[in-house]
Novice: 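The structure that follows is given in the form of structure tokens.
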Amino acid sequence: MKPGKTRTGEKLPTSRRRDQLRPIEFVRGFTKHAAGSVLVKWGDTWVLCTASVEDKVPPFLKDTGRGWVTAEYAMLPSSTGGGRKDRDIKKLRQDARSTEIQRLIGRSLRAAVDMSKLGERQITIDCDVLQADGGTRCASITGGMVALQDAVAKLVADGTLAKSPIIHRVAAVSVGVCDGKPTLDLDYAHDSTAEVDLNVVMTDDGRYVELQGTAEHKPFTESSLDALRALARQGLRRIFTLMGK
Ligand code: UDP
């Protein structure tokens, strides 16, 4: 596919500068039953992230005094523009992409928590994509972090925890090379034509949790990677401000 064109042939949107994020909004307390519930609106990508707390841990953590944070991810049938997406239950197995993404969300959010301070309880972050336009994993990690913060704040407020086990906040953003130029926060049109695609998960003190980078067409250079990392770092500074404490 030619750079600058999407799968359906339309031109890439030009309304956004290459170093500009899409508008990002966190609607906290979106649903009432979960301990943390956040609707992330990240441009046209919308994800509902909830955090549920249970007094149980996986068997390998039983009687260790340590807790666990895990995640589940799914795209709703009407979340994509390409026609209805079957729910996984229809195939009686989760699709590989969802498995990969939910493991990334879980790993990323575990990096934010001191498990010995969480105690023997599990927090599950459920990320349900209502509408997808690229970057659903980054929106899930970032929104999941806000939901996790809210759930932990409740545990502290009701006296279950004496102190917050959150060590630092974690957030994620995608960057890529589009039309030969480093570009921040890829939407679907950018993502589907990007020459390089890099998802960056970072702590609010500027350290990396995970980097997922792929050359879709031709291998990329060290200097291209440096430029992408700098762009991601700049975007993430802004995202941490938007997330709130
Ligand atoms: N997508 C889709 N249907 C799918 C998988 C992906 O419409 O079954 C679209 C969706 O917009 C998604 C984008 O492709 O956000 C990029 O998907 P990718 O697997 O790269 O993950 P993401 O960028 O969402 O983290």
Side-chain angles (χ1 to χ4, degrees), residues 1 3 5-10 12-13 16 18 20-26 38-49 71-109 125-147 170-178 182-202 208-217 220 228 231-232 235-236 239:
M1 196 186 307
K5 291 273 170 67
T6 65
R7 271 180 205 154
T8 47
E10 73 268 28
L12 285 175
R16 198 154 51 97
R18 285 185 185 273
Q20 197 179 2
L21 292 166
R22 288 176 277 179
I24 301 173
E25 187 188 350
F26 301 96
V38 177
L39 175 69
V40 195
K41 290 174 146 189
W42 191 309
D44 284 339
T45 286
W46 295 6
V47 186
L48 172 61
C49 305
E72 296 193 7
Y73 166 99
M75 285 175 68
L76 290 180
S78 62
S79 62
T80 93
R84 186 178 185 277
K85 184 176 164 71
D86 279 344
R87 292 182 198 269
D88 287 347
I89 188 69
K90 198 151 184 184
K91 294 169 263 164
L92 298 178
R93 63 177 167 79
Q94 186 174 45
D95 79 48
R97 174 179 172 274
S98 298
T99 308
E100 181 222 325
I101 291 178
Q102 72 186 31
R103 292 186 66 207
L104 170 69
I105 300 166
R107 283 195 302 276
S108 300
L109 296 180
I125 310 295
D126 284 289
C127 302
D128 288 283
V129 179
L130 311 187
Q131 186 173 283
D133 185 35
T136 62
R137 75 193 66 200
C138 294
S140 297
I141 292 166
T142 309
M145 182 69 231
V146 179
V170 163
V173 76
S174 69
V175 284
V177 177
C178 300
T183 305
L184 178 63
D185 187 15
L186 310 185
D187 53 29
Y188 180 75
H190 285 104
D191 187 73
S192 56
T193 56
E195 296 127 56
V196 180
D197 178 357
L198 178 71
N199 294 296
V200 179
V201 188
M202 197 173 250
Y208 295 107
V209 176
E210 190 148 337
L211 294 166
Q212 285 191 326
T214 311
E216 298 280 356
H217 300 291
F220 53 97
L228 289 175
L231 199 53
L236 282 162
I239 291 166

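Whatever order the structure lists ligands and atoms in, that order sets their numbers, starting from 1.
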Novice: Identify the residue among R137, R107, R103 that makes a salt bridge (Lys or Arg N to Asp or Glu O under 4.0 Å) with E210.
Specialist: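 When salt bridge (Lys or Arg N to Asp or Glu O under 4.0 Å) is applied between E210 and each of R137, R107, R103, only R107 qualifies.
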Novice: Run the side-chain hydrogen bond (donor to acceptor under 3.5 Å, both in side chains) test against T183 and tell me which residues pass, sequence neighbours left out.
Specialist: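 Counting only residues at least two positions away or on another chain, T183 forms a side-chain hydrogen bond (donor to acceptor under 3.5 Å, both in side chains) with R18.
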Novice: Check the side chains of T136 and Y73 for a donor-acceptor pair under 3.5 angstrom, ignoring hydrogens and angles.
Specialist: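 Note: Y73 and T136 side chains meet the donor-acceptor criterion.
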Novice: List, ordered by chain and residue number, the protein residues whose closest non-hydrogen atom lies under 4.0 Å from any atom of ligand 1.
Specialist: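 Near ligand 1, by chain and number: M75, T80, K85, R97, A132, D133, G134, G135, T136, R137, Y188, D191.
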Novice: Restricting to side-chain hydrogen bond (donor to acceptor under 3.5 Å, both in side chains), what partner residues turn up for T99, sequence neighbours left out?
Specialist: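 Q94.
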Novice: Can you list the residues that meet the side-chain hydrogen bond (donor to acceptor under 3.5 Å, both in side chains) rule with R84, with sequence neighbours excluded?
Specialist: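 Per chain and number, R84 pairs via side-chain hydrogen bond (donor to acceptor under 3.5 Å, both in side chains) with D86.
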Novice: Does K90 NZ have over 12 foreign heavy atoms under 6.0 Å away?
Specialist: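 No, because the 6.0 Å sphere around NZ of K90 holds 12 heavy atoms or fewer from other groups.
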